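Below, all heavy atoms of this structure are taken into account, side chains as well, without hydrogens, waters or symmetry copies. Remember, it's a predicted structure, so these values are computed and weren't measured experimentally.
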Amino acid sequence: MPSSSSADRTRTDVLLIFPPQSEARFFPYLSTPYLTGHLRRRGRRVHQVDLNIAVLHELLRSPTLLDDAVRAQDTGDDGTAVGTWYRRAVADVFAAHIGALRAHVLHKEPAGELGPDLAVRLATLALELLVRDTFLVRTWEDLGQLDDAVHRAADRPPAASGVPVGSLHSMVTELLGRHRPRVVGLSVAFFSQLAPTLLIARWVRRLAPDTLICLGGQQVMLRHDSLARLPGVRETVDALCPTAGEEPLERWLDALDGTVPLAAVPGMTWLPRSGTGPRTGPAVTLRFRDLGPPDFTGLPFRSYLNNALELAIVSCVGCYWGRCAFCSYGNRSLPQGGYQQGTAAQIADAVEAVVRSTDTRYVSVADENTNLRLILKAMRAVRERGIRVRFGVRSRLESALTDPDFCHDLAAVGCAMISVGYEGTAQRLLDRLERGVRAADFQRILDNLDAAGITVRFTAMGQVLDETPEEFEASLRFLVDNERRIGIDALELMVAEPGSRLVGGPKEYGLALDTSDRLAGNPELSYLAGRVGHPLTVPGGPTRAEALDRLVRIFRTVRPGRTNAPAPSHPGPNGHRAPAVEALRPHTWVRTVPAYADVGTADRLTVADVVRERFYALPRAHVGQSADGLLTARTDRGRRLLARLADAAAGTPVPAPSAVPAPSARSSS
């Protein structure tokens, strides 16, 4: 228990912050809930905050922020660019539906005519427009450039770095004033959070000089040595935590209370600001099996960007397989003791605690790679306690799933989804990467999971070593053949992250690495470049451009969930078409692109589904539009075009008004 003699009981012991900017907006990222649960069970005063989702919530509360951001993004042209018009249209549609968005996102209430899917999509679109071209979404060539940019941003008024940066500064100021924390802990899970994290740390140092600052999370584990050398980090941060943070934070607070010496605090790297303490503390001794469930208290867990309430747990630390050459997270599990797994009872306790405290009906098991047999045993225990909850896991396409009975057993205890990585079907490459799976099993696995009613979602990797054109075509064909029964979450080129076996021995994998300070990620396909590591080339294999083209082919060719059923406006099996559409009332989020923004509008009318980010060009000779926005067919082709718009959910068919004449050649301009 903490000492009451030296601690100031009017202050929060630890303020835990999950910073922007990342796509982790579907449910609370688990780093701060697990830390919070552990420290609170030790009697500590902890407040946790997810500033990544808070930026969106502030926008929902103050939608005029988006107008301010859009005005700041205008490039000074005369307003004729379709991009400028489109950004303004998004802001207008967002404002028009703000009530429905607040209801659904903040309270999980009905979203009106938008429906839940479009409400989530529109909220995401508005958020991305808010942060566009700001400091929060910059990408970086190297860490030195990032550190210099943070220094410059900290010296400017926050709003000068973008409208959302000004809002973020206000949030940080309010948190520090309300909680007066002894320690601020920033959890940096994704590379895209690193620059905002260091900017927040500088604000904390300026606003609350006596507050101690610690950085932890995956990026600190990956880049510990590089971060410790950055001038901005050394000037601002007191400690880096390159391991699980529960025991280090607990013992650091004990040291601040005077009950243990600072030298006894495990798992910390002390930076020059921390005074005379040792540079590196002893190793942690607390194991995953010693930890209790996550605590979501203080987080707006009902208000994330999901159609329904969803929360998460983990069943382990690290990966029980750990050998995949490209996985820095899993490769850290290879040394003795690196992998730590919970017991079935412990996992069942965590699920029960989360369900009973939040009423969630869906739990994600957010491991990098879940031990499926362990989770089956744990979820059976959950059922025996009278709790019915659906869950999702992440796993390889491993041999256990070739057993149809095992797949049905998973489904019977609530498994609804399995997310898997896909590096293709070339066994020689899978073996070289030491994936531990057999491509010959993949079809049987998908058949088994489909029969059990378990959804499978793929993350497809490109630039898989020296993959040949023939190997790629076979891998693509497998996806096409199974597109009806899969989803695709992401497409990404392989990245050589620090700490991975690719970086430890690139020649073993036929790679050449640039080990300078340059950074390489996936800016073309992943959010804010996604995973970031060393630039790589494959001598004798595909170039980066060629590998990227292959992923683009997957995107354009594979249509997940496609049933191959004919659309209503297309000929059916008997040769008849579904009824054509005489007139269509566009939805309120479908806008007509004005002539000043649409080059070549003399013979066409362009409408934009702002939420789905789709444009439709309609020949004026076949479709007209009245002053109130109603689209009306002039010809049989026009009726078919409007039927296709109806199929695309761009509007609602309505009875046709009086016939609209086709424009004459003279009036068409």
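Here Thr139 contributes atom OG1 and Leu519 contributes atom CG; the two are 9.5 Å apart, rounded to the nearest 0.5 Å. For the atom pair NE2 of His587 and CG of Leu645, the computed distance is 10.0 Å after rounding to the nearest 0.5 Å. One distance of note links CG of Asp92 with CG of Leu66; it measures 10.5 Å at 0.5 Å rounding. Separation of atoms OG1 (Thr632) and CD (Glu582) is listed at 9.0 Å; rounding is to 0.5 Å.
Using a 3.5 Å distance cut-off with no hydrogens or angles, the side chains of Thr455 and Arg457 do not pair a donor with an acceptor.
With ring centers used as reference points, Phe27 lies 6.0 Å or more from Tyr304. Between Phe615 and Tyr86, the distance separating the two ring centers is shorter than 6.0 angstrom.
Ion pairing of Arg88 with Asp67 is absent here, as no side-chain N (NZ or NE/NH1/NH2) approaches a carboxylate O to less than 4.0 Å. The residues Asp133 and Arg138 are annotated as not salt-bridged, no charged nitrogen and carboxylate oxygen being separated by less than 4.0 angstrom. Ionic pairing of Asp68 and Arg71 is present here: one or more N-O contacts between side-chain nitrogen and carboxylate oxygen are shorter than 4.0 angstrom. In this structure, Arg25 pairs ionically with Glu128, as a charged nitrogen and a carboxylate oxygen lie closer than 4.0 Å. Remark: Glu467 engages Arg550 in a salt bridge, criterion side-chain N to carboxylate O under 4.0 Å. Salt-bridge check for Asp636 with Arg639: passed, with a basic side-chain N closer than 4.0 Å to an acidic carboxylate O. Under a 4.0 Å N-O distance rule, the pair Arg121/Glu613 qualifies as a salt bridge. With salt bridges taken as basic N to acidic carboxylate O contacts below 4.0 Å, none links Glu310 and Lys108.
Looking at Arg591, its side chain does come within 3.5 Å of a backbone N or O of Thr588 through a donor-acceptor pair. For the pair Asn482 (side chain) and Arg485 (backbone), a donor-acceptor distance under 3.5 Å is absent. In terms of modelled atom types and a separation under 3.5 Å, the side chain of Thr360 and the main chain of Tyr362 share a donor-acceptor contact. In terms of modelled atom types and a separation under 3.5 Å, the side chain of Glu473 and the main chain of Glu470 share no donor-acceptor contact. Remark: side-chain polar atoms of Thr543 are paired, donor with acceptor, to backbone N or O of Glu546 under 3.5 angstrom. Of the possible donor and acceptor atoms, none in the side chain of Asn448 sits under 3.5 Å from a partner among the backbone N and O of Cys407.
Residue pairs satisfying the salt bridge (Lys or Arg N to Asp or Glu O under 4.0 Å) criterion with at least one member in residues 111-120, sequence neighbours excluded, are absent. For residues 627-656, no pair satisfies ring pair (Phe, Tyr, Trp, His ring centres under 6.0 Å), with sequence neighbours left out.
Taking the ring pair (Phe, Tyr, Trp, His ring centres under 6.0 Å) definition, one finds that Phe190 meets it with Tyr29, sequence neighbours left out.
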